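This one's a predicted model, so the numbers in the text were calculated from it and none came from an experiment. By convention in this document, chain letters (A, B, ...) are assigned in the order of the sequence lines, proteins followed by strands, and residues within each chain are numbered from 1.
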2 protein chains.
Amino acid sequence: MTARSSTDANRVIPEATVARLPVYLRALTALADSGIRTCSSEDLASAAGVNSAKLRKDLSYLGSYGTRGVGYDVDYLRYQIAREIGVTQDWPVVIVGIGNLGHALANFSGFRSRGFRIVALLDADPELVGQTVAGVQVQPFDELEETVRNHDVAIGVIATPAVAAQDVADRMVAIGITSILNFAPAVLAVPEGVDVRKVDLSIELQILAYHEQRKANGAEPGPAAAATADGGAA
Amino acid sequence: MTARSSTDANRVIPEATVARLPVYLRALTALADSGIRTCSSEDLASAAGVNSAKLRKDLSYLGSYGTRGVGYDVDYLRYQIAREIGVTQDWPVVIVGIGNLGHALANFSGFRSRGFRIVALLDADPELVGQTVAGVQVQPFDELEETVRNHDVAIGVIATPAVAAQDVADRMVAIGITSILNFAPAVLAVPEGVDVRKVDLSIELQILAYHEQRKANGAEPGPAAAATADGGAA
DNA sequence: AGGAGTTTGTGAACGTGAGAACAAAACCGG
DNA sequence: CCGGTTTTGTTCTCACGTTCACAAACTCCT
Ligand SMILES: NC(=O)c1ccc[n+]([C@@H]2O[C@H](COP(=O)([O-])OP(=O)(O)OC[C@H]3O[C@@H](n4cnc5c(N)ncnc54)[C@H](O)[C@@H]3O)[C@@H](O)[C@H]2O)c1
Ligand SMILES: NC(=O)c1ccc[n+]([C@@H]2O[C@H](COP(=O)([O-])OP(=O)(O)OC[C@H]3O[C@@H](n4cnc5c(N)ncnc54)[C@H](O)[C@@H]3O)[C@@H](O)[C@H]2O)c1
């Protein structure tokens, strides 16, 4: 109905698969770094911590990039996954809320190396504004709109206290940001078409506590080795 | 087969439900704080950002704590969920790797208020050892065993670089830690019976980038408003 | 060239989770 | 005490995700 990208868009990739592709990408990068040029689905699966059938099925959604009897070319597959995810291009990102967590995020080098570029740090606190964090000057929150327009930002990160999170999200959405990564422990309401993903440390710990309690109570088949995945729709 | 907790353990609660219980708990706390003493499943569901049928089904796994025609008593339900998750007791936690992220975690007040107590911060860097972060002195990594035994720690947090993560995890497991929250972008191998949950910022961003790219390519039914859930078994 | 050995890609079976729908239970007003 | 109203708890159905198992496709050795 609309534009098509080079390799036949609108193939639908299950959310669960999308959530694992970055893991495969990381595993492939590790393999490439250790000089391995070819790997089997078994190799890659164990490096990624999944079972090989699942890996093969996941990759089959992207296309047929392996060679039967041989395996996958590490660099080629890596490029294909990167292209599918969209990290062959650079994504400009803004971070709002430069407190404890915001500082850590700003200093995190893993951003750049994975296709994301921090173009602005913003905070409502006048004390913080003007300070330089990780080589970037903190701007007043009011400059959000200007910055987003100048850099054509689509992805915003919220690292403010929970009470401010909805306000910040509203502002982001109003300005045209369509993907939000939210670290504040708050449920964000956003219009259709805007993606929100949340990272919530407390929830993760509480899930661990639940299983820990069950182990202590003698519930035999204790699960183990969990992860994080999922997606959803608004 | 073994000990039973007060309210009939070994009821099996689906992982997807376990992952949402902390969200309900947070929503209930918010309601309680604003003076609301009773709420319907509809109210709570919208506060938690889920649909009410799902909420009711989730709660039904815990027991029958509502009143038909009336709704749920906020405080009562809150207590029941907290008890089920295991956050009525305090969980001692150790954090290993006090860099950018470790500092932020140590300073995070949301720990204590949700039933977790940081009993130790550990790092391999001699420069860091002895410094006080968030009122706790950083200890050398070698003191892990002693600390874990003294405080009966079951939950460990890894905030070291990826290369060190597996080593740290091995040490933790050897000492008796059975739940690990891993922030390093690495797949951890742990024996059966040990739970690992990972928080990976880069993966979250890449998932957002994927959907963002699809939006740009004109894939109409763009999903939105995702979250984070899941569990698994080793 | 052909057969043995590998390894992918996928069809099918199975399990888990989501959502609609409704009967059972509680309250309320008369 | 009874009928109407509200809201829960649960059942049923469908969609999604995982895993198994195997034919197809490729390599390599003889
Ligand atoms: N620190 C952690 O390790 C951690 C872990 C998990 C979750 N979180 C969550 O992340 C968020 C940030 O945590 P933190 O420890 O960095 O908090 P913080 O208080 O150190 O920092 C919050 C920052 O947000 C700024 N801010 C407040 N309102 C704002 C607004 N309306 N617009 C722009 N900026 C605003 C403040 O000036 C401050 O600099 C919180 O919601 C917290 O619950 C933190
Ligand atoms: N900074 C972030 O916002 C962020 C975001 C997502 C993920 N991460 C990940 O979290 C981890 C920590 O990030 P960071 O920015 O705090 O890194 P960092 O380099 O600032 O801190 C790492 C700390 O771990 C310590 N360490 C190294 N090896 C150790 C060992 N064997 N035992 C004990 N301590 C050891 C180091 O001394 C250092 O203090 C990394 O894996 C990073 O990829 C960080």
Student: Set out, in order, the CA-CA distance, both residues' side-chain angles and the distance that settles side-chain contact (heavy atoms from CB on, under 4.5 Å) for A/L28 and A/Y72, then state yes or no.
Tutor: CA-CA 10 Å; A/L28 283 166; A/Y72 300 93; 6.0 Å; no

Student: In terms of the nearest nucleotide of DNA chain C, which residue is placed more toward the 5' end: A/V70 or A/D58?
Tutor: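 Nearest nucleotide further toward 5': that of A/V70.
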
Student: If every non-hydrogen atom of B/L44 is compared with every non-hydrogen atom of B/A27, which pair is closest and at what distance?
Tutor: CD1-CB, 3.8 Å

Student: Heavy atoms, side chains only, cut-off 4.5 Å: are B/F108 and A/S202 in contact?
Tutor: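 Of all side-chain heavy-atom pairs linking A/S202 with B/F108, at least one is under 4.5 Å.
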
Student: Do you know which two heavy atoms are closest between A/S52 and A/A45, and how far apart they sit?
Tutor: CA-CB, 3.6 Å

Student: Using whole Å, report how far CG of B/L77 lies from P of D/dT7.
Tutor: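 Rounding to the nearest Å, CG of B/L77 and P of D/dT7 are 16 Å apart.
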
Student: I want to check one thing: is the phosphate of D/dC20, taken as OP1 and OP2, less than 4.0 Å away from some side-chain N or O of A/R56?
Tutor: no

Student: How many Å lie between NZ on A/K57 and P on D/dA21, as a whole number?
Tutor: 14 Å

Student: Would you tell me if any nitrogen or oxygen in the side chain of B/S41 comes within less than 4.0 Å of OP1 or OP2 on D/dT8?
Tutor: yes

Student: If I take atom CG in residue A/N51 and atom C1' in nucleotide D/dA21, what distance separates them, rounded to the nearest angstrom?
Tutor: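 Rounded to the whole Å, the gap is 13 Å.
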
Student: Would you check, one step at a time, whether the test side-chain contact (heavy atoms from CB on, under 4.5 Å) holds for A/V96 with A/R171?
Tutor: CA-CA 11 Å; A/V96 176; A/R171 286 285 294 271; over 6 Å; no

Student: A/T67 or B/G71: which one's nearest nucleotide on DNA chain D is closer to the 5' end?
Tutor: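 It is B/G71, whose closest nucleotide lies nearer the 5' terminus.
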
Student: Distance check needed: D/dT19 P versus A/E42 CD, whole Å only.
Tutor: 13 Å

Student: Over how many whole Å does the gap from A/R20 atom CZ to D/dG17 atom C1' extend?
Tutor: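 These atoms are roughly 8 Å apart.
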
Student: A/Y72 OH to D/dC26 P: how many Å, rounded?
Tutor: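 It works out to 14 Å between those atoms.
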
Student: Round to a whole Å and report the spacing from OH of B/Y61 to P of D/dT8.
Tutor: 17 Å

Student: Which is the 5'-most and which the 3'-most nucleotide of DNA chain C that has an atom under 4.0 Å from a heavy atom of chain B?
Tutor: C/dG17 to C/dC27

Student: Search all heavy atoms of B/Y65 against all heavy atoms of B/Q80 and return the closest pair with its distance.
Tutor: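 Minimum heavy-atom contact is OH-OE1, 3.2 Å.
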
Student: Could you tell me whether the side chain of A/I81 reaches within less than 4.5 Å of the side chain of A/I85, counting heavy atoms only?
Tutor: yes

Student: Starting from C1' on D/dC16, measure out to NZ on A/K54 and report it in whole angstrom.
Tutor: 13 Å

